[in-house]
Amino acid sequence: MRLFEAEAKALLQEHGVAVPFGVWVTEETQLLDALATVGRPAMLKAQVLSGGRHKDGLIRALAESDPDATAVQFFRRVVGGRDPCAGVLVERRVEHSGEMYLLLDVDDLSGDIRCWTSASGGVDIEQNAGDLREAHFPADEPAPRERILASLDPRLAAPAAAAAADAAAALVSAMRGCDAEIVEINPLGLTNGTAMVLDAKVTIDDNATYRQQIPAPSLSPRAANVRRSADALSERAHVAGLTYLPLDGDIALLSMGAGFGMAVMDLVAEHGGRLANFIDTSGGVSVNAVRELADIVLCRAREVGARSIIISFVIAASSLRNVIEGIVAALSDHPERPPIFSTFNAGAAATVSMSYDEAVEWLESAGVHVSPDLPDTVSAAVACGFQSAR
Amino acid sequence: MNPALLDSLDKDARVVIAGITGQYARDQTRTMVEFGMNVVAGAAPGRAGQVVWGVPVFDALAETADLCPTIAIVYVSAARVAAVAREAMDLGVKLLVIAAEGVPLHDTMRLRAEAVRRGCCIVGPNTVGLLRPGRCLAGSLVPDFARPGPVCVLSRSGTLSIQIVSLLSRSGIGQSLCVAVGGDRVVGSTPAEWLQVAEADPSTRAVVLIGEVGGQKEYQAAEVIETMSKPVVAYIAGRSAPQDTPMGHVGAVVREYRDTAAAKISALESAGATVSPTLWDVPGIVAGLLEEAR
């Protein structure tokens, strides 16, 4: 889960990282109180999940002399704009003499935390990517300050480097504590031997959100609106714990297993077709879970006027009966649908509840064309033009 | 990873199963027992005294220490994996299979670091495990789809490992070893580490490597392939995957060119692997390479 800047800073601060004092407001009525609490000069920062806020006018400095109306106008513009916005972070402006860039991520081979730093931060960091310096830290040991210091650009002045190393050590610790996948600090403000996180992009591991404290404004309707999926089927799939992606083709796919789904997608492309969706389950396969999965696929097929639907899966030990009953139940809710072609494979443990032949009978009775060979199934699905199966 | 690990992966291995009383684990236990594995104990809190397919159940893995287990298979929920996996490592097991999907990333990172230090090999998380047809089953791979033979199958995807084993067997090509390393971004052992095991394994004559878009694992594998004497056939799933979208597996996401199937295919071909356009073309290519090697 990608965090809003205000959420990220609150979490980092809890883990001992220095951030500017700020208040996150989601309603206009809270704005002037927040401004009075923070004081001036202040920064007004739209809470959106996209990057490039400086360039898009979503950050504004508020000087001593600026009237309150300036802040109100900014709030109305960003919150009432076309793109969803989860309010404004009102933050004390921090003067600093230098800036640097810092990124923490995970090495997918060793499982180490990688620390990337550049002595020049700012909005043009992508142009300076060649300056990035890399250091690795084992996942289960503290990041030694001396090693961080040694990994920094030697052009950094000693007090700034020391402050940056302290901040980086705290951020590595915070990354672990927050269950973060990525922590990107741009810039880290440096002044007189102190370092402060001026902007932060943090992505929390979705599998660990249950053990993280999410700040209250995150639960506001505005924040929920920003995070909500763009289309209804994606939102339904999200609620059901499914991975669902609408794609731009016209062959709907019901598959289970991420790798298998990708392989079917490739096979369809190899035959000259394009999928209308990708879908994957995680966890168990109850009849109701499969019915919901199948219903989403059938709705997608209707949405795009799919020429055909492919049902394909491989199961080791999940109940084949549950899968087939779920699919057939969903099919009965969609009498108007394009032709459906299926190939599936089930291990002995899966067929305890229903034999392969019985499953074929169930599907064929529901109007599904079953073949033992997936390339044949894909070929038929790609070749057929749209027509109602019934 | 020590290639000698394979020597301890057979039906004489002493297997313990954590979370054995859940329905999925019960079904897998039955398959492993019927396969002939020596499953000496299971564990589930509050279930001591129960018996699952002839396997005695204890409250915790720690209580099975006297049975000197060598393989632990963990079927507990994602949130409990870290604690239970450490308990298994404390038993001194050589192989630890973690089935759960959704294990917190930092838990896996810490477990991997710990396992490397302790000389324990982790397969998973998010895996269907490991199979040596006719010799060893540790997890949920489907033994009735497999047959003994000379091909080692390594895959990031569980469903694709099951499918490729089935396709190879139907083409008359048996397998020496099948490992689904796990679909998560960080896993306990990488395909590259298993390639080294396959290279040293006298019963393996060729390797099938099933990769995916996203991450660096295929590049690490390519470095090993360059040094191997045995032929490698590779397939990368997700050639048509859209940008910036995780494709079900947490690690399968294309963010930059290096993550794409095209970039990985190029690296694997440069390293000497034969790359198959689809999974379904793999058996034919393998058959040709085995024939050439005769």
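Per chain, numbering begins at 1; letters A, B, ... match sequence-line order.
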Enumerate by number any residue of residues 276-285 of chain B whose heavy atoms lie under 4.5 Å from heavy atoms of chain A; in the absence of such residues, state 'none'.
B:Pro277, B:Thr278, B:Trp280
Let me know if A:Asp206 has heavy atoms under 4.5 Å from chain B in its side chain, its backbone, both or neither.
neither
For A:Leu247, is it the side chain, the backbone, both or neither that has a heavy atom under 4.5 Å from a heavy atom of chain B?
side chain
Count the heavy-atom pairs under 4.5 Å between each of [options] and chain B, then report the option with the highest count.
options                                : answer
A:Ala269, A:Ala350, A:Ala349, A:Pro375 : A:Pro375
A:Met256, A:Glu270, A:Arg211, A:Arg176 : A:Arg211
A:Ala208, A:Pro138, A:Ala180           : A:Ala180
A:Ser255, A:Ser319, A:Ala346, A:Gly261 : A:Ala346

Inter- and intrachain pairs under salt bridge (charged side-chain N to carboxylate O under 4.0 Å, His left out), touching residues 240-250 of chain A, at least two apart:
A:Asp248-A:Arg274, A:Asp250-A:Arg307
Rounded to the nearest 0.5 Å, what separates atom NE2 in B:His106 from atom CD in A:Glu181?
7.5 Å
How long is the gap from CD on B:Glu101 to OG1 on A:Thr281, to the nearest 0.5 Å?
7.5 Å
Give a yes or no on whether the backbone of A:Phe260 and the side-chain of B:Thr159 come within a donor-acceptor separation of less than 3.5 Å.
yes
Can you confirm whether A:Asn345 sits close enough to B:Ile162 that some side-chain heavy atom of one is under 4.5 Å from a side-chain heavy atom of the other?
no
B:Leu160 side chain reached by A:Met262 side chain, heavy atoms, under 4.5 Å:
no
Is it the side chain or the backbone of [X] that comes within 4.5 Å of chain A heavy atoms, both, or neither?
X        : answer
B:Ile210 : neither
B:Tyr219 : neither
B:Gln216 : both
B:Val103 : backbone
B:Arg239 : both
B:Val186 : both
B:Ala79  : both
B:Ser240 : both

Could you check A:Asp179, A:Asp108, A:Asp205 and say which one makes a side-chain contact (heavy atoms from CB on, under 4.5 Å) with B:Leu105?
A:Asp205
Under 4.0 Å between a Lys/Arg side-chain N and an Asp/Glu carboxylate O for A:Asp105 and B:Arg185?
no
Under a 4.0 Å threshold between the charged nitrogen and the carboxylate oxygen, would A:Asp140 count as salt-bridged to B:Arg117?
yes
With a 4.5 Å cut-off on heavy-atom pairs, point out which of B:Arg112, B:Glu114, B:Glu193 contacts chain A the most.
B:Arg112
For the student: nearest non-hydrogen atoms of A:Ala139 and B:Met109, plus distance:
CB-CB, 3.5 Å
Note: A:Tyr210 and B:Pro104 closest approach over all heavy atoms is OH-CG, 4.0 Å
